[in-house]
Amino acid sequence: ADPRDKEFRNQLFRCAREGDIAGVQNLFLTVQVNLGSCASALHARDSKGMTLLHWAAREGHMALAQYLVNEEHAELSAQDSHGLSPADHARQQYWMQLARWLEGLENVRADWARWLQAM
């Protein structure tokens with residue numbers, strides 16, 4: 001499987017929109033076995049510039065968002081083609097608990113980055 005392949009990307013984003021954690025994990029595993037890393041699949045973007053985390057947040061899939069962030073280290077501050085982050089998408093769709101969780105993590109990471117720079 002190649003993350004640049006249109007059919008693969010369609011499957012991956014469909015799984016994200018549906019909150020299918022097992023589907024995402026299986027596709028990541030396939031890429032990791034074939035390419036040695038799933039980073040290219042994790043950072044894939046659709047035609048709107050949205051990542052898997054954008055779609056998980058937009059559709060309110062907290063468990064998938066937690067998996068992508070905690071296990072796969074998805075980029076919290078990634079912006080789509082309209083300049084929106086995953087937290088912005090969650091907030092637009094009124095998934096407030098998910099939006100607050102993502103924003104809280106963004107703030108913690110920003111605080112850590114400032115602390116490390118000050119050292």
Side-chain angles (χ1 to χ4, degrees):
D2 186 338
R4 295 169 296 194
D5 176 68
K6 185 177 180 179
E7 180 57 32
F8 177 85
R9 292 167 66 89
N10 287 343
Q11 285 182 309
L12 190 59
F13 283 107
R14 181 179 39 76
C15 287
R17 285 190 303 274
E18 294 174 359
D20 182 358
I21 296 172
V24 170
Q25 289 172 326
N26 287 335
L27 291 167
F28 279 0
L29 183 59
T30 301
V31 171
Q32 191 163 5
V33 167
N34 291 332
L35 301 178
S37 170
C38 66
S40 57
L42 176 65
H43 300 296
R45 291 178 180 263
D46 68 5
S47 61
K48 299 173 185 173
M50 293 173 63
T51 64
L52 299 175
L53 184 56
H54 280 97
W55 277 109
R58 182 170 185 77
E59 298 299 323
H61 300 303
M62 176 68 98
L64 178 58
Q66 289 172 328
Y67 165 74
L68 291 169
V69 170
N70 295 333
E71 302 297 325
E72 300 297 341
H73 310 290
E75 186 180 348
L76 292 166
S77 59
Q79 294 184 344
D80 66 12
S81 58
H82 298 286
L84 299 175
S85 71
D88 294 329
H89 278 278
R91 187 168 296 288
Q92 280 185 345
Q93 300 300 315
Y94 301 102
W95 302 111
M96 303 314 277
Q97 181 182 3
L98 179 51
R100 285 191 296 272
W101 180 75
L102 289 166
E103 290 165 347
L105 288 175
E106 286 178 13
N107 292 337
V108 166
R109 288 188 180 175
D111 289 347
W112 269 103
R114 282 191 293 276
W115 182 78
L116 291 172
Q117 286 179 341
M119 290 185 73

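Numbers here are sequence positions counted from 1.
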List in chain and number order the residues that pass side chain to side chain contact (heavy atoms under 4.5 Å, CB included) with D46, two or more places apart in sequence or in another chain; answer none if no residue qualifies.
-> F13, K48, M50, W55
Partner residues of E7 under the side chain to side chain contact (heavy atoms under 4.5 Å, CB included) criterion, sequence neighbours left out = D5, N10, Q11
Mind listing the side-chain donor-acceptor pairs of residues 61-75 below 3.5 Å, one per line with the distance, residues two or more places apart or on another chain?
| residue | atom | partner | partner atom | Å |
| --- | --- | --- | --- | --- |
| H61 | NE2 | R17 | O | 2.7 |
| H61 | NE2 | G19 | N | 3.3 |
| Y67 | OH | E72 | OE2 | 2.6 |
| N70 | ND2 | Q66 | O | 3.3 |

CG/L27 to CD/Q25 distance, rounded to the nearest 0.5 angstrom?
-> 10.5 Å
dist L12:CG -> T51:OG1 (nearest 0.5 Å) comes out at 10.0 Å
Please round to the nearest 0.5 Å and tell me the distance separating atom CH2 of W101 and atom CG of L105.
-> 5.0 Å
Would you give me the side-chain donor-acceptor pairs under 3.5 Å for residues 84-95, sequence neighbours excluded?
| residue | atom | partner | partner atom | Å |
| --- | --- | --- | --- | --- |
| S85 | OG | A87 | N | 3.3 |
| S85 | OG | D88 | N | 3.2 |
| S85 | OG | D88 | OD2 | 3.2 |
| D88 | OD2 | S85 | N | 2.8 |
| H89 | ND1 | R58 | NH1 | 3.2 |
| H89 | NE2 | D80 | OD2 | 2.6 |
| R91 | NE | E103 | OE2 | 3.2 |
| R91 | NH2 | E103 | OE1 | 2.5 |
| R91 | NH2 | E103 | OE2 | 3.0 |
| W95 | NE1 | R58 | O | 3.1 |

